[in-house]
Amino acid sequence: MAKEIGKPSFDLTGKVAIVTGGTKGIGYAVAATFAMYGCDLAITSRTPADCERIAKDIETLYGVKCLGISADSSNKDDIDRVVAQTVETFGKIDILINNAGISGKTAALLDQTEDDFMNVINTNLKGVFQFAQAVAAQIAKQGKGGRIVNIASVGGLIGGKSVAPYGASKAGVLSLTKTMANEWARYGITVNAVCPGYVITELNQDIFADPEIKAKMEKRTPVRRLGSVEEVAGPVLAMVSDSFSYMTGTYILLDGGQTIGG
Ligand code: NDP
């Protein structure tokens, strides 16, 4: 008889995840996908009405429990409040998706001010560091391991023009991902990242409203189209599942081949 092989499982029933920036775009798609697979959730954003509305919608659509917590990822007190409220409600945290992010000012490096730079770094990099730190401490205390996925970007791998703070923040996230994975393996926490290419969301919809720019980006991408939020959420679901237990400290490129050239 050939050896029986374990069946992959993507079921998240009984798990609890925090998805930052879970009210829109990629974060919402990730939260909704987790909910489809039975995961209870806390979603955050800076807009209280969105948090309340989207959390209620997720509960109605997918029958899981979803907390909507208004919190700014660049603020440490807000982060601690999200972690405390999630633990108070669910008794634990298994998964963190560090997704909240902003694109910042589009301008040449010589025209980026210190404020422009720090504004992006505070949410995209410091927020990822502080959220992961707070959640990892909680998961370590629980003693049963967990998963962290950081939403980085192709922008962190290439030196794109006019988006220096964004690129630097995402390159920083990729570096943090490796150190977190290295240091937190002892707690059973895997830490990985995804690097999406272009996915049309509120973050970039103004740029892609110009059909010429959209066509140019599509031409640069071997699959000749931009990505969808589902094409990020599906891989993230796999990465937090039991089936991805041996992957840590690395990233998955979700860019239609953009970085290998069109
Ligand atoms: P959206 O602008 O559609 O959504 C961003 C979400 O994050 C919203 O819920 C927003 O809510 C929230 N958010 C923004 N800043 C903060 C903050 N300081 N604190 C808490 N919540 C915040 O963006 P996307 O879905 O496109 O982007 C999600 C992630 O994916 C980002 O990290 C982005 O860099 C990354 N990414 C996106 C790509 C794309 O092409 N779209 C490509 C590669 C990476 P609110 O404004 O109400 O706070």
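Atoms within each ligand, like the ligands themselves, are counted from 1 in listed order.
- The shortest N or O to N or O distance between Val199 and ligand 1 is under 3.5 Å.
- In terms of polar-atom proximity, defined here as any N/O pair under 3.5 Å, Tyr166 does make such a contact with ligand 1.
- Regarding atom 6 (C) of ligand 1, its nearest protein heavy-atom neighbour is Gly21 O, 3.6 Å.
- Residue Thr47 approaches ligand 1 through these ligand atoms, each under 4.0 Å from one of its heavy atoms: 45 (P), 47 (O).
- The side chain of Thr123, and not its backbone, has at least one atom closer than 4.0 Å to an atom of ligand 1 (non-hydrogen atoms only; side chain from C-beta on).
- A salt bridge links Asp80 and Lys76; the closest N-O separation between the charged side-chain nitrogens and carboxylate oxygens is under 4.0 Å.
- At under 3.5 Å, not a single nitrogen or oxygen of Thr44, backbone or side chain, sits near a nitrogen or oxygen of ligand 1.
- In this structure, Ala29 has no heavy atom closer than 4.0 Å to ligand 1.
- Counting heavy atoms under 4.0 Å from ligand 1, residue Ile102 touches it through the side chain alone.
- Applying the 4.0 Å criterion to heavy atoms of Asp72 picks out, from ligand 1, the atoms 17 (C), 18 (N), 19 (N).
- Of the protein's heavy atoms, Thr201 OG1, 3.4 Å lies nearest to atom 24 (P) of ligand 1.
- The protein atom (non-hydrogen) at minimum distance from atom 42 (C) of ligand 1 is Gly197 O, 2.9 Å.
- Under 3.5 Å, the side chains of Ser74 and Asp72 contain a donor-acceptor pair of N or O atoms.
- Residue contacts with ligand 1 for Tyr28 are absent, since no atom lies close enough (heavy atoms, distance under 4.0 Å).
- Between Tyr198 and ligand 1, no pair of N/O atoms sits closer than 3.5 Å.
- Remark: the Ser9 side chain and the Asp11 side chain contain no N/O donor-acceptor pair separated by less than 3.5 Å.
- The shortest contact between atom 2 (O) of ligand 1 and any protein heavy atom is with Leu203 N, 3.4 Å.
- Residue contacts with ligand 1, taken as heavy atom pairs separated by less than 4.0 Å, do not involve Val229 at all.
- Residue contacts with ligand 1: Ser74 is placed with no nitrogen or oxygen under 3.5 Å of a nitrogen or oxygen of the ligand (distance criterion only).
- Atom 11 (O) of ligand 1 has its closest protein heavy atom at Ser45 CB, 3.5 Å.
- Here Ala71 has backbone heavy atoms under 4.0 Å from ligand 1, and that is the only part of it that gets that close.
- Protein heavy atom at the shortest distance from atom 5 (C) of ligand 1 is Gly101 O, 4.1 Å.
- Checked by atom type, the side-chain pair Asn150/Thr177 shows a donor-acceptor distance below 3.5 Å.
- In summary, Glu212 and Lys216 do not engage in a salt bridge, as defined by a charged side-chain N under 4.0 Å from a carboxylate O.
- Here's the thing with Thr23: one of its N/O atoms is less than 3.5 angstrom from an N/O atom of ligand 1.
- Side-chain polar atoms of Thr113 and Asp116 form a donor-acceptor pair below 3.5 angstrom.
- Near Glu202, meaning under 4.0 Å from one of its heavy atoms, ligand 1 places the atoms 3 (O).
- Counting protein heavy atoms only, atom 14 (C) of ligand 1 is closest to Arg46 NH2, 3.4 Å.
- Close contacts of ligand 1 with Asn204, meaning ligand atoms under 4.0 Å from a residue heavy atom, involve 39 (C), 40 (O), 41 (N).
- Residue contacts with ligand 1, taken as heavy atom pairs separated by less than 4.0 Å, do not involve Cys195 at all.
- Inclusion of Ile26 in the set of residues having an N or O under 3.5 Å from an N or O of ligand 1 is warranted.
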